[in-house]
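Structure first, commentary second.
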2 protein chains.
Amino acid sequence: MGNRLERLLDSVQAATTLEDFQTATEKTRALYRVRHVVYHWVNSEGERFGAGTYPDAWVDRYLAQDYLRMDPVIFGCFQRFTPANWKDLDWSSKPARVMLHDALDHGLGNQGYSVPVRGPNGQFALFTLNHEAEDDVWAGFIARNGRDLMILAHEFNRKALEFELGEAAQTVPSLSPRELAAMRALAMGKSRAQAAADLSISEHTLRVYIESARHKLGALNTTHAVARALSSGLIIV
Amino acid sequence: MGNRLERLLDSVQAATTLEDFQTATEKTRALYRVRHVVYHWVNSEGERFGAGTYPDAWVDRYLAQDYLRMDPVIFGCFQRFTPANWKDLDWSSKPARVMLHDALDHGLGNQGYSVPVRGPNGQFALFTLNHEAEDDVWAGFIARNGRDLMILAHEFNRKALEFELGEAAQTVPSLSPRELAAMRALAMGKSRAQAAADLSISEHTLRVYIESARHKLGALNTTHAVARALSSGLIIV
DNA sequence: CCACATCCCGCCGGAAATGGGGAGTTCATA
DNA sequence: TATGAACTCCCCATTTCCGGCGGGATGTGG
């Protein structure tokens, strides 16, 4: 298996187009002999970037029904660090069960394993294997391959990030120390007056920092600026 | 090496106290024959949780000098997905060079390799190996062990998360879909009027969501609420 | 040495957000 | 079926923020 995994990793590393990603998911499916393999990058507007072997009908259905907003796989993995066996997630809500039934109707297997991957700026992606199997068989499969799948998931994500960055070179503006301190204070809930007191400067001066930070960040208002500073990793709360 | 790595992973998995983490970093140092090994969880107030083999004098110095705010290792790794060889980071700023010199004076090696690890709710940690070596020797070391180190880093972080959650069960408040949508709109720079228009509701209604979200998040104002929603991973920008 | 960035301070008018209050509907789950 | 949570709408007075304008002092890097 080791050698085949290496070859698979090489093929991921060589990916430069969406089709290559598609091919890589298919190779993964072939290697692990599962029903489906999917890598997708999740953000607030839905899927930003993805490739996988799910039937088109299911993908369309998923997006059309806005399942993204209720999918326990997405939601559950978003809250945890370790990969998740689908059976361990919370399917108690009604829409979730409806979705699951719908998924099975579209040819998905009853078992799944999703590896959450996180990148800078709150980037979040899932690498998922789906299969039809008994619970204990699937648990054994995960136990054997979990570690390799994590490596694979990270490799997919690394290439996806490169891919995206290639599209639109993200220029993270550099803020001055005072500007950063101002953003940090605001992110911690301080009012301008409090923040100014914290930095031992006049409120007017603080405003200058906030404004210049806003301009550098291309933000529309203070809240936007703080949000951008946070999600671009300039400040940590 | 495989067997020794497994034993090391077991010892990480068995960790329940800070001392256990400390021991695990020492075992890692012994296994890889490097000068220092550190795992630390980074947030805005500095180190939240950490264990490692750095001399106490250096840790104190680091905190006292507020090096956290300028450390290219922290900053660089926070911006990237892949682990970083210290030599590849940006040491151009003067304070960064001063810090590096200071570090060498405190017994650190000239080479380093830091694996960024990200968890839910914007959690961020670094797993670092430090050593004294020639550039090419170090590059070879990384090439051989990079994958194992990633696994190890994730294992450290998994236990650290369990540890923290045990200490104070982090209650991430659950926002309603509308509240989330409101936070999302604000985080994207929308004014209240625009956000209300986006959600096709009156501005007054939008305000109710913002306020209830603020209360749930324990935030002092709207900006704070958005910051918390972002850094707790409730919304993605 | 000069330029550029950073750091600090001030004023203004208009626009937006805040923090209270109350009141009705729908929907899911218990 | 009832309880609670979510969703929707409205008013008012006060505070805060916004986006310009102006100025000067102090550094570091080329």
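Throughout, protein chains are lettered first and strands after them, A, B, ... in sequence-line order, and every chain is numbered starting at 1. Hydrogens, waters and symmetry mates play no part in the numbers below; they use all other heavy atoms, side chains included.
For A:Thr25 and A:Thr53, the side-chain atoms include no donor-acceptor pair closer than 3.5 Å. In this model, a donor atom of one side chain and an acceptor atom of the other lie less than 3.5 Å apart for A:His154 and B:His154. A donor-acceptor contact under 3.5 angstrom links the side chains of A:Tyr62 and A:Asp71, judged on distance only. Judged by distance alone, the side chains of B:Asp102 and B:Tyr67 do bring a donor and an acceptor atom under 3.5 Å apart. Checked by atom type, the side-chain pair A:Asn130/A:Tyr54 shows no donor-acceptor distance below 3.5 Å. Residues B:Thr82 and B:Arg80 have side chains that bring a donor and an acceptor to within less than 3.5 angstrom of each other.
Here D:dC9 is the nucleotide among D:dC9, D:dG29, C:dC9 with the atom lying nearest to any side-chain atom of B:Ser202. Considering only side-chain atoms of B:Arg214, the nucleotide from C:dT18, D:dT8, D:dC17 that sits closest is C:dT18. When distances are taken from the side chain of B:Arg207 to each of D:dT8, D:dA6, D:dC11, the shortest belongs to D:dC11. If you check D:dA6, C:dA17, D:dC18 against the side chain of B:Pro177, the one that comes closest is D:dA6. Closest contact between the side chain of B:His204 and the listed nucleotides C:dC8, D:dC10, C:dG19 involves D:dC10. Distances were taken from every side-chain heavy atom of A:Ile201 (C-beta onward) to each of C:dG19, C:dA17, C:dC9; the shortest belongs to C:dC9.
Atom OH in A:Tyr209 sits roughly 13 Å away from atom P in C:dG10 (whole-Å rounding). In this structure, A:Ile210 places its CD1 atom 11 Å from C1' of D:dT16, rounding to the nearest Å. Atom CZ in B:Arg97 sits about 10 Å away from atom C1' in D:dG29, given to the nearest Å. Atom CG in A:Leu186 sits about 11 Å away from atom C1' in D:dC17, given to the nearest Å. Atom NZ in B:Lys94 sits about 19 Å away from atom P in C:dA5, given to the nearest Å. Between A:Glu203 atom CD and C:dC9 atom P the separation is 12 Å, expressed in whole Å. Summarising the geometry, the separation between CG on B:Asp90 and P on D:dG29 is reported as 13 Å, rounded to the nearest angstrom. Distance A:Glu211 CD to D:dG22 P: 14 Å, rounded to the nearest Å.
Aromatic pair B:Phe156/B:Phe127: centroids less than 6.0 angstrom apart.
Within a heavy-atom distance below 4.0 Å of DNA chain C, the residues of residues 215-228 of chain B found are B:Leu220, B:Thr222. Residues of residues 190-199 of chain B having a heavy atom closer than 4.0 Å to DNA chain D: none are found.
Nucleotides of DNA chain C nearest to A:Pro95 and A:Thr205 differ in position, and the one nearer the 5' end is that of A:Thr205. Two residues, A:Val208 and B:Ser174, neighbour DNA chain D, and the one matched to the more 5' nucleotide by heavy-atom proximity is B:Ser174.
Look at B:Ser176 and you'll find a side-chain N or O under 4.0 angstrom from OP1 or OP2 of D:dC7.
Under the 30°/60° scheme for interplanar angles, the aromatic rings of A:Phe141 and A:Trp138 are found to lie parallel.
One finds the NZ atom of B:Lys159 at 11.0 Å from the CG atom of B:Leu161 (value rounded to the nearest 0.5 Å).
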Check the pair B:Arg158 / B:Glu162 against salt bridge (Lys or Arg N to Asp or Glu O under 4.0 Å), numbers first and verdict last.
-> CA-CA 6 Å; B:Arg158 187 173 73 77; B:Glu162 279 178 24; 2.8 Å; yes
